[in-house]
Chemist: 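I have a structure I would like to understand better, so I am pasting it below and will then ask my questions one at a time.
Atom set for the values below is all heavy atoms of this structure, side chains included, hydrogens, waters and symmetry mates excluded.
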Amino acid sequence: GTIEEQGHGVFTYFLLKGLNGEAANATGAVTVKSLYDYLAPKVSDASRRENRDQTPQMLPSSPGDIPLR
């Protein structure tokens with residue numbers, strides 16, 4: 001689904017916010033794990049409010065904590 005006022009889909013909107021620091025972990029780094037932990041509930045909740053089901057998944061299930069920046 002699209003967030004009309006942002007011009008992005010729900011996933012893209014929260015992905016960009018997460019990459020821009022909203023998903024930083026306790027050390028201030030955005031990692032694969034911290035991004036997923038931030039993104040998954042935000043996307044699911046926003047989609048549910050629009051009567052849609054969108055649940056991000058991360059594969060493989062144990063990717064480790066790899067810094068993205």
Chemist: How long is the straight-line distance from OG of Ser47 back to CZ of Arg52, given to the nearest 0.5 Å?
Modeler: 5.5 Å
Chemist: Is the shortest side-chain heavy-atom distance between Arg48 and Asp53 below 4.5 Å?
Modeler: no
Chemist: Cut-off 3.5 Å, side chains only: do Ser34 and Thr31 have a donor facing an acceptor?
Modeler: yes
Chemist: How long is the straight-line distance from CG of Leu16 back to CZ of Phe11, given to the nearest 0.5 Å?
Modeler: 9.5 Å
Chemist: Find out whether Leu39 and Lys17 are in side-chain contact, i.e. whether some heavy atom of one side chain is under 4.5 Å from a heavy atom of the other.
Modeler: no
Chemist: Can you check whether Leu35 reaches Leu15 side chain to side chain, under 4.5 Å on heavy atoms?
Modeler: yes
Chemist: Which heavy atom in Tyr38 sits nearest to a heavy atom in Phe14, and how many Å separate them?
Modeler: CE2-O, 3.4 Å
Chemist: Could you walk me through whether Arg49 and Asp45 pass the salt bridge (charged side-chain N to carboxylate O under 4.0 Å, His left out) check?
Modeler: CA-CA 6 Å; Arg49 284 193 298 274; Asp45 291 345; 5.3 Å; no
